[in-house]
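Each ligand, and each atom within it, is numbered from 1 in the order the structure gives. Just the heavy atoms: all of them, side chains too, but no hydrogens, waters or symmetry mates, feed the values below. These figures come from a predicted structure and were not determined experimentally.
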Amino acid sequence: MDDLSAFVAGLPKCELHVHLEGTLEPELKLALAERNGVDIGQRTVEEVRATYRFDSLSSFLAVYYPAMDVLVTEQDFYDLARAYLERAAAQNVRYVEAFFDPQVHMNRGVPFEAVVRGYHRAVQDADRDLGVAGALIMCIVRDLPAESAAQALEAALPFKDLILGLGLDSDERGNPPVKFAEVFARAREEGLHLTMHCDVDQENSIEHIRQALEDIRVERLDHGTNVVEDPRLVRFVRERGIGLTCCPISNRFVTGDMKADLIARLLREGVRVTANSDDPAYFGGYVAENLVELARAAELTRSELVQLERNAFEIAWLPDDRRARYLAELESYAAG
Ligand code: HPA
Ligand code: ZN
């Protein structure tokens, strides 16, 4: 292992942008397909990997959603989250807030309860036996109608204690944040934290970022790097300490560019940017690989790598005492 990889390996890390359904590795996909008698059209890991070819958000989503058919029972959701949390723990991720997409499962006839209970049990077990703590953020699938989002939120409310926040993901084109203003207002009333994807290089990127920040009043932006195009919005996020959960390797897949220089520029301007994995089974990098590749591409110093993790623990939706403990652990590592 080179020096940079070794430094990143030991760094106490916080992952704030990972889709649990995006952690479905080919091996587990095949095992679940067999367990549930689902024909996915491929029989070997190589055949599955060969389908993981995309050059845009929509071509990625066209592979990503059908793969979810292999997830049927509460145990399947447990096994998926457990496998991710084992990898996260092995990379010294100390805390994770993970997204999931309940509407896609509910539309296939899987009850909300099976999804959330499976994921939640995996998070609880990992806290106890892997040393990685976590929480769940339910995402609204933005290319489905607003009524579907409202129904999903209603289905989730009886399990509110198992969910930390509400996010927004999937295909941004033609699906602006304000489409979901009512659902997000309701979630806020119910005490959920709010975040939204503002994907990289989308049509109307800046207007969508503006809506998310000013109309919906999200606490974080997922991706959100196009904010650099509008100095007023850069000031807005910097002054309010709003975090951006960037995903360098994912950016390379969907836009051909990691956006490393933009992420580094925002970091150096004092915006709370972070580096995360997004859909690691599809994009081939967990959080450590994202940090290493970003650091190489943008020539980040060690103290800038530490700052990325400091940002992440600071913008995480953690109680103050736990946040302080993670930050102390980070500072102790940074001090060598
Ligand atoms: N953007 C939008 N939808 C998604 C993503 C993403 O990065 N990952 C999984 N669903
Ligand atoms: Zn994402």
Side-chain angles (χ1 to χ4, degrees), residues 14-25 29 51-69 71 77 80-81 84 88 96-105 107 115 119 136-144 148-149 152 165-177 179-180 194-205 208-209 212 218 220-227 243-259 262-263 273-287 290 294 312 315:
C14 175
E15 163 103 279
L16 300 176
H17 188 154
V18 60
H19 300 260
L20 287 172
E21 292 87 354
T23 70
L24 181 60
E25 292 284 344
K29 186 171 172 182
T51 67
Y52 289 8
R53 293 167 151 264
F54 2 82
D55 55 9
S56 64
L57 180 56
S58 52
S59 61
F60 160 67
L61 295 172
V63 175
Y64 177 69
Y65 287 122
M68 295 182 197
D69 287 352
L71 296 160
F77 293 96
L80 176 60
Y84 163 70
V96 53
E97 289 172 5
F99 297 127
F100 69 110
D101 274 349
Q103 281 159 288
V104 183
H105 310 305
N107 287 350
V115 181
Y119 285 153
L136 299 172
I137 302 172
M138 158 175 168
C139 277
I140 296 300
V141 174
R142 69 198 305 166
D143 39 353
L144 294 175
S148 166
L166 189 71
L168 179 72
D169 68 3
S170 199
D171 201 344
E172 185 165 332
R173 199 175 160 163
N175 297 299
K179 174 178 171 185
F180 300 100
L194 304 183
T195 186
M196 283 183 162
H197 277 58
C198 288
D199 270 89
V200 177
D201 294 350
Q202 295 292 302
E203 272 178 29
N204 300 324
S205 254
H208 289 188
I209 290 172
V218 294
R220 303 201 293 241
L221 290 175
D222 301 310
H223 301 294
T225 36
N226 289 78
V227 76
L244 269 55
T245 65
C246 303
C247 308
I249 295 177
S250 163
N251 292 346
R252 189 167 59 208
F253 267 88
V254 298
T255 72
D257 179 349
M258 278 209 286
K259 308 290 180 187
L262 293 185
I263 296 170
V273 292
T274 62
N276 307 271
S277 70
D278 209 2
D279 301 283
Y282 292 90
F283 302 143
Y286 285 77
V287 69
N290 273 276
L294 175 65
I315 67 171

Item checked: Contact check: H223 to the Zn ion (ligand 2), N/O/S below 2.8 Å -> no
Checklist line | atom 5 (C) of ligand 1: nearest protein contact (heavy atom, Å) | finding: H19 NE2, 3.5 Å
Checklist line | Close approach of F99 to ligand 1, heavy atoms, under 4.0 angstrom | finding: no
Checklist line | Y282-E21 side chain donor-acceptor pair, cut-off 3.5 Å | finding: no
Notebook entry, point to check: Do M258 and S250 touch side chain to side chain, with heavy atoms closer than 4.5 Å?
Noted result: no
Margin query: One residue to check: L57. Relative to ligand 1, which of side chain, backbone, both or neither has a non-hydrogen atom less than 4.0 Å away?
Written below: side chain
Check: Are any of the heavy atoms in S170 under 4.0 Å away from ligand 1?
Finding: yes
Note to self: Which residue and atom name correspond to the protein heavy atom nearest atom 7 (O) of ligand 1, and how close is it?
What the structure shows: D278 OD2, 2.8 Å
Check: What N/O/S atom of D278 gets nearest to the Zn ion (ligand 2)?
Finding: OD1
Check: Relative to the ring of F60, is the ring of F54 parallel (under 30°), tilted (30 to 60°) or perpendicular (over 60°)?
Finding: perpendicular
Check: For the residue pair Y64 and H19, does the interplanar ring angle fall in the parallel (under 30°), tilted (30 to 60°) or perpendicular (over 60°) class?
Finding: perpendicular
Checklist line | Distance-only side-chain donor-acceptor flag, H208 / E172, under 3.5 Å | finding: yes
Check: Heavy-atom contact under 4.0 Å between H223 and ligand 1?
Finding: yes
Notebook entry, point to check: Are side-chain heavy atoms of C198 and H223 found at a separation under 4.5 Å?
Noted result: no
Next item on the list: Among all protein heavy atoms, pick the one closest to atom 8 (N) of ligand 1 and tell me residue, atom and distance.
Entry: D279 OD2, 2.7 Å
Checklist line | N or O contact, D199 vs ligand 1, cut-off under 3.5 Å | finding: yes
Next item on the list: Using only heavy-atom distances, determine whether the side chains of S170 and D143 contain a donor-acceptor pair under 3.5 Å.
Entry: yes
